[in-house]
Asks: 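What follows is a single structure, and I will ask about it in a moment.
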Amino acid sequence: MTRPTTEPEAVPFPLRIPGEPFPPPRYEEYRRREGLVLTHMPNGGRVWLVTRHAEVRAVLTSKKVSANPDREGFPHISDTMGVPRQEQIPGWFVGLDSPEHDRFRKALIPEFTVRRVRGMRPSIERVVDGLIDSMLAAGDSADLVADLALPVPSLVISSLLGVPPVDRGFFESRTRTLVTIRNSTEQQRDTAAKELLRYLNRLIGIKVSWPGDDLISRLLATGAISTQELTGVLMLLLIAGHETTANNISLGVVTLLLNPEWIGDRRAVEETLRFHSVADLVSLRVAVEDVEIGGRLIRAGEGIIPLVAAANHDQEAFSCPHAFDPGRTERHHVAFGYGVHQCLGQNLVRAEMEIVYQRLFERIPALRLAVPVEELPLKYDGVLCGLHELPVRWDRPATAP
């Protein structure tokens with residue numbers, strides 16, 4: 001490919017626009033452009049957008065590209081969104097490069113293998129069934145985000161960490177405050193984060209003295225991660241796995257209600273991940289050496305944003321990419337990222353989505369949207385795509401005479 005020699009005209013930063021579908025139609029126009037797309041961050045910094053599937057994977061596997069937010073030129077979306085620095089939360093290892101990053105990943109991989117997650121399925125099923133029981137007991141309607149999609153991942157992760165049952169209400173409520181931007185103020189989220197960090201510190205101290213059969217105890221036994229780093233690791237697992245899972249669950253339920261022929265088909269999970277690509281703006285990077293991507297020379301110190309949703313809707317990688325088609329044969333989406341930072345908990349996310357879809361539609365076959373799909377409140381105020389609320393209804397069984 002001939003390398004472009006002129007600076008392209010900058011496009012607006014791809015923040016989501018209320019009323020606009022997701023992924024936004026302009027992504028397709030970006031992919032048709034030669035080379036990469038130049039934009040400016042909300043704070044003014046220059047950054048390159050990467051929109052084609054092959055080039056997104058090239059960025060995420062390049063050793064000339066860093067995920068470290070302390071690097072000069074790293075694209076920070078805002079002071080409150082994006083990757084925390086290690087000095088803020090030690091152990092937040094998604095902001096580290098190899099080999100420092102690899103130490104954390106190696107210690108955590110055994111906790112999220114297919115086999116380990118398979119062993120967690122009965123526990124996940126109990127969580128999901130308990131929440132559905134509560135929905136049914138409360139009447140014939142619910143907000144599926146608040147009543148199911150958000151509590152599932154926090155209750156599952158609290159079980160994985162070994163949070164005592166008596167503390168799970170506190171754990172779930174603080175987690176919900178932390179990740180629900182619309183229903184909480186910045187001060188409330190800051191307070192919830194501090195309370196969770198204090199709680200996790202106390203929990204680690206308990207596990208040091210009285211280890212159990214849980215993730216914290218097993219990580220402490222390896223000695224690979226310090227207790228100070230472990231607090232950051234746990235917060236990362238909690239937040240990274242929480243809102244992304246909740247968004248995938250709620251968007252997947254809507255998509256299955258609109259495409260009921262796929263209810264009960266396990267392939268719907270993988271297609272939901274590709275189709276919605278909720279973590280579009282998560283993989284922020286900066287070049288640490290000059291590197292050529294998509295025929296464009298990116299200089300050291302320039303920011304890069306691989307747009308996951310744009311890549312997963314690239315027609316060069318997926319046939320009819322804008323169609324929801326669980327029967328498609330292409331399985332190489334990048335919804336969980338790619339390369340060394342690919343999501344560690346992806347097997348757990350898949351299991352939670354699969355169990356929710358199975359149990360929800362088995363137990364409430366008459367489930368339906370309570371409002372027109374056009375009125376569902378999509379998230380436009382964060383880095384993740386999802387739903388703020390999902391009002392649903394169902395018909396209660398007739399009572400016996």
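The structure presented is a predicted model; accordingly, all values stated were derived computationally and were not measured. Worth knowing before you read on, the calculation uses all heavy atoms, side chains too, and leaves out hydrogens, waters and symmetry mates.
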Asks: If you measure only the distance, is there a donor-acceptor pair under 3.5 Å linking the side chains of D280 and Y27?
Replies: yes

Asks: Under the side chain to side chain donor-acceptor pair (under 3.5 Å) test, which residues partner E352, sequence neighbours left out?
Replies: none

Asks: Is it true that Q315 and H322 share a donor-acceptor pair across their side chains at a distance under 3.5 Å?
Replies: no

Asks: Can you classify the ring geometry of H313 versus F275 as parallel (below 30°), tilted (30 to 60°) or perpendicular (above 60°)?
Replies: tilted

Asks: Taking 4.0 angstrom as the limit, do R368 and D395 come out as a salt bridge?
Replies: yes

Asks: Is the H332 ring parallel, tilted or perpendicular to the H53 ring (thresholds 30°, 60°)?
Replies: perpendicular

Asks: Between R52 and D314, does any side-chain N to carboxylate O distance fall below 4.0 Å?
Replies: no

Asks: Do E270 and H333 pair up side chain to side chain, a donor and an acceptor below 3.5 Å, judged on atom types alone?
Replies: yes

Asks: Does R266 come within less than 4.0 Å of E354, counting only side-chain N to carboxylate O?
Replies: yes

Asks: Just by distance, with hydrogens left out, do S319 and E330 show a side-chain donor and acceptor under 3.5 Å apart?
Replies: yes

Asks: Applying the side chain to side chain donor-acceptor pair (under 3.5 Å) test to E29, which of R31, R26, R33 qualifies?
Replies: R33

Asks: With sequence neighbours excluded, what pairs up with E316 under the side chain to side chain donor-acceptor pair (under 3.5 Å) test?
Replies: none

Asks: Checking R274 against F318: charged group under 6.0 Å from the ring centre and within 45 degrees of the axis?
Replies: yes

Asks: Enumerate the residue pairs fulfilling ring-ring contact (aromatic ring centres under 6.0 Å, His included) with a member in residues 114-152, sequence neighbours excluded, ordered by first and then second residue.
Replies: none

Asks: Can you check whether A300's main-chain N or O pairs, donor with acceptor, with D290's side chain at less than 3.5 Å?
Replies: yes

Asks: Go through the steps to decide whether D214 and S217 satisfy the test side chain to side chain donor-acceptor pair (under 3.5 Å), and finish with yes or no.
Replies: CA-CA 6 Å; D214 52 67; S217 300; 2.9 Å; yes

Asks: When you check the gap from the basic side-chain N to the acidic O, do R103 and E229 get nearer than 4.0 Å?
Replies: yes

